[in-house]
Amino acid sequence: MAQAPVLTPQATDFPRWYQDVITKAELADNGPVRGTMVIRPYAYAIWERMQAEVDARIKAAGAENAYFPLFIPESYLTREADHVEGFSPELAVVTVAGGKELEEPVVIRPTSETVIGEFMAKWVQSYRDLPLRLNQWANVVRWEMRTRIFLRTSEFLWQEGHTAHASQQDAHRYARSILDDVYADFMEGELAVPVLRGIKTRRERFAGAINTFACEAMMRDGKALQMGTSHELGQNFARAFDIGFLDETGARQLCWTTSWGVSTRMMGGMIMCHGDDAGLRVPPRVAGTQVVVLVVRDDDAGTVSAAARDLVAQLAGSGVRVRLDADVSKAFGRRATDWELKGVPVRIELGPRDLEAGDATVVRRDQSGKSVLPLAELPARVAGLLAEIQTALFEDAAARLRGATADVSSVADAREAAATGFARMPFRAVGESGEDELAEAALTVRCLQTADGGVPTDEHDEDLVAIIGRSY
RNA sequence: CGGGGAGUAGCGCAGUUUGGUUAGCGCGCCACGUUCGGGACGUGGAGGCCGGGAGUUCAAAUCUCCCCUCCCCGACCA
């Protein structure tokens with residue numbers, strides 16, 4: 001009866017649990033080259049759902065998709081001083097191609113501010129061309145020292161938005177709206193991951209930015225994960241790439257640019273925010289498979305499988321992403337645990353007994369226990385059930401975030417509180433020396449907020465509150 | 001890059017200290033049968049350049065050197 005645990009329990013060894021669940025839920029494998037990953041179909045389906053939802057919001061924010069090259073001339077990177085300093089240690093550089101040494105080495109993009117800047121400079125001539133709002137879905141390469149599947153890989157998939165504006169105020173507002181209306185809205189509404197929004201301190205800021213907005217989430221081990229960032233680049237890149245325009249008065253002006261991105265790291269965030277000791281718990285809205293109809297056992301005539309196929313067809317017809325598991329040659333318990341491991345939100349079990357009674361057994365992945373519902377009612381009830389699960393996952397995570405966040409007043413207390421979660425304290429009381437002191441304990445200021453939890457304009461705001469934690 | 005651990009079948013491991021038949025075990029996989037409402041059982045089978053390279057030796061999974069990869073802890077980051 002008592003089986004060995006399917007996964008290393010989270011409380012025993014959280015990193016091990018993470019590795020286990022990635023393997024056993026068939027999410028990803030390590031690639032052959034250091035730090036690379038193979039994203040398997042089950043996880044890629046979730047990524048495609050994430051892309052679709054983020055993409056729709058990006059378009060609603062007025063940006064258009066385009067595509068820029070993977071290869072960037074090395075000289076581009078060096079044009080912006082902070083940018084090159086920030087990225088050069090982690091660049092992958094091509095020096096030989098076609099059997100010949102290249103005259104100028106080519107960098108594999110770590111991010112595309114530079115190439116896109118080059119083309120923005122061509123495309124923007126007049127104030128009438130602004131704002132210019134671009135986005136691309138792409139892969140980027142950063143040779144990080146330490147990698148961790150989905151969270152920090154040598155190559156990852158992401159979306160990077162790049163915009164140019166006529167005024168600082170417009171650029172600021174746009175970077176903020178990406179943070180709020182695209183990222184936070186997606187993370188909370190679709191991923192069911194509550195996020196803290198704020199700005200980064202000077203030392204945590206993007207290389208080349210004047211201000212970085214971020215969404216920070218708390219994982220089940222109390223550590224923080226930066227889920228997405230939106231940067232105000234000031235005129236740094238506009239100056240480096242000469243992105244300028246003539247204003248209404250005929251005067252030449254430099255643009256104000258922004259950049260913003262979310263990546264496959266969100267997959268790691270989804271896993272670590274919702275997963276439990278039985279496996280993944282995928283929020284219904286991003287689940288590639290929302291419902292699995294599982295044939296418990298069948299008779300010789302195949303009556304149960306036929307009924308299950310019929311149910312699957314009805315659910316699919318009403319827009320539910322549903323899958324049939326009629327593989328009765330495998331033990332029922334095995335299949336049940338496997339679907340739990342994969343975190344499919346709803347499992348509908350159908351066997352001869354259910355069928356005879358005109359029922360089906362329904363199991364929610366976010367709760368323990370089963371309920372029996374009339375088979376005929378299911379098509380009408382599943383959508384509501386999925387919505388309930390979506391909400392429950394969010395509430396669960398939000399309660400955990402609240403419970404593991406402590407208000408403190410000194411760096412020493414912050415160190416203690418951040419051992420298990422987040423600490424909040426006045427940024428004034430931290431200061432430069434405080435950030436050094438926190439760093440010794442592997443802690444960082446994840447973001448700065450206003451006293452009421454809002455997003456500050458910039459680091460000069462009064463009464464900033466620092467959110468302190470351990471991070472991935 | 002520094003410190004620690006590890007690479008042997010798809011997964012998890014034993015064997016390495018003290019070189020020596022044909023490299024084992026559990027799970028998984030394939031076939032057949034019995035089972036079947038929470039990880040079934042029996043019988044038979046398939047599957048290994050023992051991470052890679054170089055060396056020592058009559059003989060290397062085992063000893064030496066170099067390299068690669070993974071995991072954990074730091075510094076760097078989406």
Side-chain angles (χ1 to χ4, degrees), chain A residues 1-8 13-16 18-20 22-24 26 29-37 85-91 110-111 138-160 183 200 203-207 212 214-217 225-231 259-269 278 294-299 304 327-341 347 349-357 359-361 363 368-370 372 439-444 470-472:
Chain A
M1 285 300 278
Q3 300 290 329
V6 181
L7 301 167
T8 306
D13 185 345
F14 196 83
R16 183 68 192 272
Y18 183 73
Q19 284 298 129
D20 281 0
I22 283 173
T23 303
K24 296 195 172 168
E26 301 182 334
D29 271 334
N30 285 308
V33 172
R34 198 194 87 94
T36 59
M37 64 174 164
E85 196 188 324
F87 279 106
S88 34
E90 55 192 62
L91 291 181
T111 177
N139 57 341
V140 286
V141 168
R142 298 181 188 179
W143 221 259
E144 300 285 358
M145 287 170 177
R146 191 172 148 206
T147 59
R148 208 190 243 281
I149 212 155
F150 287 124
L151 301 177
R152 195 181 304 97
T153 45
S154 302
E155 177 192 7
F156 57 92
L157 306 183
W158 77 343
Q159 126 321 281
E160 50 177 323
Y183 294 161
K200 288 287 177 184
R203 77 168 66 189
E204 298 286 324
R205 197 183 279 163
F206 176 74
T212 290
C215 291
E216 294 283 332
L225 184 71
Q226 180 175 302
M227 300 275 287
T229 45
S230 180
H231 315 288
S259 71
W260 26 279
V262 291
S263 71
T264 36
R265 171 180 280 186
M266 290 194 296
M267 188 73 67
L294 192 154
V295 176
V296 177
R297 51 180 303 184
D298 209 349
D299 53 26
V304 182
D327 185 6
V328 291
S329 68
K330 272 196 195 135
F332 165 79
R334 157 74 51 178
R335 292 182 291 143
T337 13
D338 281 349
W339 289 116
E340 276 165 11
L341 208 39
R347 187 170 74 242
E349 300 173 356
L350 210 54
R353 286 209 303 260
D354 299 295
L355 210 54
E356 200 173 327
D359 289 332
T361 303
V363 190
S368 52
K370 306 184 176 191
V372 174
E440 286 167 22
L443 298 177
T444 46
R470 296 165 296 150
S471 82
Y472 275 97

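Chain letters run A, B, ... following the sequence lines, proteins first and then strands; every chain starts at 1.
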Query raised in the report: How does protein reach along nucleotides 67-78 of chain B, written 5' to 3' as B (base within reach of a heavy atom under 4.0 Å), S (only sugar-phosphate), or - (no contact)?
Result: --SSSSBBBBBB
Query raised in the report: Which is true for A/K370 with a 4.0 Å heavy-atom rule: it touches a base, it touches only sugar-phosphate, or it touches nothing?
Result: base
Query raised in the report: Across all strands shown, which nucleotide pairs with B/rC70 by Watson-Crick or G-U wobble geometry, both distances under 3.5 Å?
Result: B/rG5
Report summary line: Residues passing the side chain to side chain donor-acceptor pair (under 3.5 Å) test with A/S263, sequence neighbours excluded, are none
Query raised in the report: Taking a pair as Watson-Crick or G-U wobble with both distances under 3.5 Å, which nucleotide is matched to B/rU62?
Result: none
Requested in this report: Determine which nucleotide pairs with B/rA40, using a 3.5 Å limit on both distances of a Watson-Crick or G-U wobble pair.
Outcome: B/rU34
Report summary line: Residue set satisfying salt bridge (charged side-chain N to carboxylate O under 4.0 Å, His left out) with A/D20, at least two apart, ordered chain then number -> A/R16
Got a list of protein N/O to nucleotides 32-37 of chain B N/O distances below 3.5 Å?
unit_1: B/rG37; atom_1: O2'; unit_2: A/R353; atom_2: NH2; d: 3.3
unit_1: B/rG37; atom_1: N7; unit_2: A/R353; atom_2: NH1; d: 3.4
unit_1: B/rG37; atom_1: O6; unit_2: A/G351; atom_2: O; d: 3.4
unit_1: B/rG37; atom_1: O6; unit_2: A/P352; atom_2: N; d: 3.0
unit_1: B/rG37; atom_1: O6; unit_2: A/R353; atom_2: N; d: 2.2
unit_1: B/rG37; atom_1: O6; unit_2: A/D354; atom_2: N; d: 3.2
unit_1: B/rG37; atom_1: N1; unit_2: A/D354; atom_2: OD2; d: 2.4
unit_1: B/rG37; atom_1: N2; unit_2: A/D354; atom_2: OD2; d: 2.6
unit_1: B/rG37; atom_1: N2; unit_2: A/T361; atom_2: OG1; d: 3.4

Please tabulate, for side-chain N and O atoms in residues 327-336 of chain A, each donor-acceptor pair with protein atoms closer than 3.5 Å (sequence neighbours left out).
unit_1: A/D327; atom_1: OD1; unit_2: A/S329; atom_2: N; d: 3.4
unit_1: A/D327; atom_1: OD1; unit_2: A/S329; atom_2: OG; d: 2.6
unit_1: A/R335; atom_1: NE; unit_2: A/D327; atom_2: O; d: 3.3
unit_1: A/R335; atom_1: NE; unit_2: A/K330; atom_2: O; d: 3.4
unit_1: A/R335; atom_1: NH1; unit_2: A/V295; atom_2: O; d: 3.1
unit_1: A/R335; atom_1: NH1; unit_2: A/D325; atom_2: O; d: 3.4
unit_1: A/R335; atom_1: NH1; unit_2: A/D325; atom_2: OD1; d: 3.2
unit_1: A/R335; atom_1: NH2; unit_2: A/V295; atom_2: O; d: 2.8
unit_1: A/R335; atom_1: NH2; unit_2: A/V296; atom_2: O; d: 3.4

Query raised in the report: By salt bridge (charged side-chain N to carboxylate O under 4.0 Å, His left out), which residues pair with A/R205, not counting sequence neighbours?
Result: A/E459
Requested in this report: Go ahead and name the base partner of B/rG12; Watson-Crick or wobble counts if both distances stay under 3.5 Å, otherwise write none.
Outcome: B/rC25
Query raised in the report: Please give, in whole Å, the distance from B/rG10 C1' to A/K24 NZ?
Result: 13 Å
Query raised in the report: Taking CD from A/E26 and P from B/rC11, how many angstroms apart are they, rounded to a whole number?
Result: 13 Å
Query raised in the report: What does B/rA46 pair with, Watson-Crick or G-U, if both distances are under 3.5 Å?
Result: none
